[in-house]
Amino acid sequence: VQLQASGGGLVQPGGSLRLSCVASGRILSINNMGWYRQAPGRQRELVAGITSGYSTNYADSAKGRFTISRDNAKNTVYLQMDSLKPEDTAVYYCNADITVVSGSGRLRSDYWGQGTLVTVSS
């Protein structure tokens with residue numbers, strides 16, 4: 001299984017970006033999906049999560065500005081980021097809890113994307 005994240009870049013304060021993350025491989029089902037971020041010198045932190053039933057949760061710093069969504073038909077999770085601030089600058093990682101085909105059975109594991117850099121600066 002691979003998670004491929006995209007959509008990062010340089011944006012001015014107040015601007016918007018939309019991150020995407022596509023899962024590929026011998027996937028049977030995708031459970032929880034989420035976005036994390038890690039700024040220089042800081043620990044990785046949860047930004048937003050979404051369940052298979054489309055329930056969402058957000059870090060306080062993301063509430064009201066970021067929106068997480070998913071398209072199960074495309075095995076994709078999105079993060080719409082609006083009103084971006086310089087403190088949102090970080091590498092953003094997608095994460096997914098995925099059940100895959102494994103031999104004659106199935107295996108449920110946690111997977112990470114490679115990260116996409118978001119820089120908010122004037």
Side-chain angles (χ1 to χ4, degrees):
V1 172
Q2 285 190 326
L3 295 182
Q4 182 67 45
S6 62
L10 173 64
V11 63
Q12 292 187 342
S16 298
L17 282 175
R18 188 191 195 209
L19 306 183
S20 301
C21 178
V22 182
S24 60
R26 301 182 71 188
I27 296 170
L28 288 175
S29 63
I30 302 179
N31 308 298
N32 296 339
M33 305 183 82
W35 288 95
Y36 290 72
R37 68 186 181 187
Q38 187 167 19
R42 302 189 66 176
Q43 291 188 330
R44 190 174 297 189
E45 62 178 3
L46 174 68
V47 177
I50 185 167
T51 69
S52 57
Y54 300 97
S55 294
T56 59
N57 64 286
Y58 296 91
D60 287 344
S61 59
K63 288 178 181 177
R65 300 187 300 125
F66 294 1
T67 303
I68 189 170
S69 60
R70 63 190 287 171
D71 184 334
N72 289 336
K74 296 181 179 180
N75 290 340
T76 300
V77 62
Y78 305 97
L79 185 67
Q80 177 66 42
M81 303 187 293
D82 299 317
S83 302
L84 282 162
K85 304 175 181 179
E87 51 263 43
D88 294 317
T89 295
V91 177
Y92 284 70
Y93 298 89
C94 57
N95 172 267
D97 175 9
I98 301 175
T99 301
V100 302
V101 175
S102 178
S104 60
R106 56 184 63 190
L107 179 66
R108 182 172 176 173
S109 299
D110 205 45
Y111 295 88
W112 290 90
Q114 84 285 7
T116 184
L117 177 62
V118 172
T119 303
V120 184
S121 175
S122 54

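Note that the structure is predicted; figures quoted are calculated from it, not measured.
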query = Taking it one step at a time, do Arg37 and Ser61 satisfy side-chain contact (heavy atoms from CB on, under 4.5 Å)?
reply = CA-CA 12 Å; Arg37 68 186 181 187; Ser61 59; 3.3 Å; yes
Closest approach of [X] to [Y] (non-hydrogen atoms, all atoms of both residues):
X	Y	result
Gly8	Thr116	N-OG1, 3.1 Å
Asp60	Lys63	OD1-NZ, 3.2 Å
Leu3	Ala96	CD1-N, 3.9 Å

inquiry  = Between Ser52 and Asn31, is there a side-chain donor-acceptor contact under 3.5 Å, judged purely by atom types and distance?
reply    =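 Note: Asn31 and Ser52 side chains miss the donor-acceptor criterion.
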Interatomic distance, [X] atom [atom1] to [Y] atom [atom2] [nearest 0.5 angstrom]:
X	Y	atom1	atom2	answer
Gln80	Ser20	CD	OG	9.5 Å
Leu46	Trp35	CG	CH2	12.5 Å
Tyr78	Asp71	OH	CG	5.0 Å
Ser102	Arg108	OG	CZ	15.0 Å
Phe66	Ser16	CZ	OG	9.5 Å
Ser109	Asp97	OG	CG	8.5 Å

query = Counting distance only, does the side-chain N/O of Arg70 pair as donor-acceptor with the main-chain N or O of Thr51 below 3.5 Å?
reply = yes
inquiry  = Looking at Ala90, is its backbone amide N or carbonyl O close enough to the side chain of Gln38 to form a donor-acceptor pair, meaning the two atoms are under 3.5 Å apart?
reply    = no
key: Of Leu107, Ile98, Thr99, Ile30, the residue whose pairing with Val1 passes side chain to side chain contact (heavy atoms under 4.5 Å, CB included)   =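 Of the listed options, the one satisfying the test is Ile98.
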query = Testing Ile50, Val118, Leu19, Thr67 for side chain to side chain contact (heavy atoms under 4.5 Å, CB included) with Leu79, which one passes?
reply = Leu19
Would [X] and [Y] show up in the same hydrophobic cluster when neighbours are defined by side-chain heavy atoms closer than 4.5 Å?
X	Y	result
Leu84	Tyr36	no
Val120	Val91	no
Ile68	Val47	yes
Tyr93	Val22	no

ask   = Does atom CD of Glu87 have more than 12 heavy-atom neighbours from other groups under 6.0 Å away?
value = yes
request  = Please report the C-alpha distance between Lys85 and Asp88 in whole Å, then the side-chain angles of each, then the deciding distance to 0.1 Å, and finally whether the salt bridge (charged side-chain N to carboxylate O under 4.0 Å, His left out) criterion is met.
outcome  = CA-CA 5 Å; Lys85 304 175 181 179; Asp88 294 317; over 6 Å; no
task = Would you indicate whether the side-chain heavy atoms of Leu10 and Ser121 approach each other to under 4.5 Å?
result =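 The answer is yes, as the side chains (C-beta and beyond) meet within the 4.5 Å cut-off.
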Minimum side-chain heavy-atom gap Arg65-Met81 below 4.5 Å =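 Counting from C-beta outward, Arg65 and Met81 never come under 4.5 Å.
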request  = Might you work through the side-chain contact (heavy atoms from CB on, under 4.5 Å) test for Tyr111 and Ile27, ending with a clear yes or no?
outcome  = CA-CA 12 Å; Tyr111 295 88; Ile27 296 170; over 6 Å; no
